[in-house]
Amino acid sequence: MFDVNALYAAGAIMDWDQQTMMPKGGAAARAAHSGILSRMAHERFTSDETARLLEEATNEVALGTEDAALVRVVRRDFDQSTKLPSAFVEEKSRLSSEAHEKWVQARETDSFATFAPTLEQMFSLARQEADYYGWTGHRYDALLDCYEEGWTAVDVQNMFGTIREPMVRLVEEIRERGQSTDAVGLNGTWDNNRQRKFSEHLIHAIGFDTDRGRLDTAPHPFCTGWSVTDIRLTTRFKDMIGSAIFGSLHEAGHGMYEQGSPLAWDRTPLAGGVSLGVHESQSRLWENIVGRSLPFWRKFLPELHANFPNLAAFDVDTFYRMINQVEPSLIRVEADEVTYNLHILIRFELEMALLAGEMQVADLPEAWRAKYQQYLGITPETDKEGCLQDVHWSMGGIGYFPTYTIGNLLSFQIWRKLTEEIPNTDDLIAVGNFAPILGWLQDRIYRHGRYYTPKELVLQATGKPLDANDYLAGITAKYRSVYSL
Ligand code: ZN
């Protein structure tokens, strides 16, 4: 088990290096090295010996123990890795790298037609993949389960069914009657070194352990790691001052979750986040609920002013409104907290239709435009700003998008429970005392790693299965106040 872990770790380090440090010329050699390493790891993990050990362990472990949890997660990973024939895995990997190249080109030249045949193949592979895993309700279930164990397409439909109308209405209300604040003052040329130092200061303040992790820069921010003692975050600098700050807080949320697994589980499959949705709940909680709150900036705005005197004109109430502006936009990764889930809803509806064969790939650009008009009241003029913007489908990540919305909803449900038990969070945040908040999350979520299934963890941590009530109540209250509605 530790051998397989070491091979995965080596691959992760090479991948981190590729995105942060590697010179351009290293790409071909890196691709070859990574390919060989992941094949070695896959072969080792899916070997007859693993199957035999797993069989033996299954008969020996006592229910309800750490060993039983370990056997359960290894069994899940093993089944997922062995259900796909190796010829299929190779074909998918080959087609994905080809599709990625084609997607990059199509996006550059804004020509969906050149990407369409490859995308058609990606969806055809996704159908096959779902069939290899097996499913009963909808093919989509098999793919979604890889990212969010126990979730089905019907669960996602119900989730969106609850939030669709209230969110569309809130966005409309903000647009028609809201008192907006000019946020243009956040744009400018900001010293990168100062931005980095300030971001490091913030993530350290909220509790990211910089003896067991670090922050670097990369074109696309991410969090990775290969041990609870070594978690890597990245951020990027843009002309908007919030980009690096909130990006860093977001990745630190992922990072603190990873750092929170027990040291005794390090380098075993029990360590780390339990699902993408639960992971995203932590990045969103620290980025949005804590990081975009009024008390947070009561504490940190004076320091921000000292570092960036151009912002000194904005008092804390104005700054709070500036960083919480809602604006229907075409690009998901730049979307605000309120419109974000509508971007996800659009993708979910489209990939369901494509997977079921109810819609043809050739009709995707038109369908995309229609849905943006329907849900956000805007229409992209190019496919680059439309159906060609996301990397996910080109990499075979079909069934992935709903985990973002699961994370958004869950962040509010967790926060509601946390504030029930720690009622003075605003006071704590305003003086920069984050330890009680982090301690609560550590106790209820982080220290459990993959011990429970995602649904068990949510029930145990918040006292109920995930629903949209806390999210709708929280987001509505916040934005009614920001926009004086
Ligand atoms: Zn994230």
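Note: hydrogens, waters and symmetry copies are ignored here, and every other heavy atom, side chains too, is used. In each ligand, atom 1 is the first atom listed, and ligand 1 is the first ligand listed.
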N/O/S atom of Cys223 under 2.8 Å from the Zn ion (ligand 1), yes or no?
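No, outside the cut-off.
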Is any N, O or S atom of His279 under 2.8 Å away from the Zn ion (ligand 1)?
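Checking His279: none of its N, O or S atoms is under 2.8 Å.
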Suppose we only allow N, O or S atoms; which atom of Glu280 ends up nearest to the Zn ion (ligand 1)?
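Going through the N, O and S atoms of Glu280 one by one, OE1 ends up nearest to the Zn ion (ligand 1).
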In a check of ring pair (Phe, Tyr, Trp, His ring centres under 6.0 Å) between Phe348 and each of Tyr404, Phe401, Phe160, Tyr400, which one passes?
Phe160
Using the side-chain contact (heavy atoms from CB on, under 4.5 Å) rule, take Arg127 and Leu355 through it: C-alpha gap first, then chi angles, then the decisive distance, then the call.
CA-CA 7 Å; Arg127 281 181 212 111; Leu355 197 69; 4.0 Å; yes
So that I know where these two stand, are Phe314 and Phe319 an aromatic pair - ring centroids less than 6.0 Å apart?
no
Sole candidate of Glu173, Arg175, Gln325 that passes side chain to side chain donor-acceptor pair (under 3.5 Å) when paired with Tyr483
Gln325
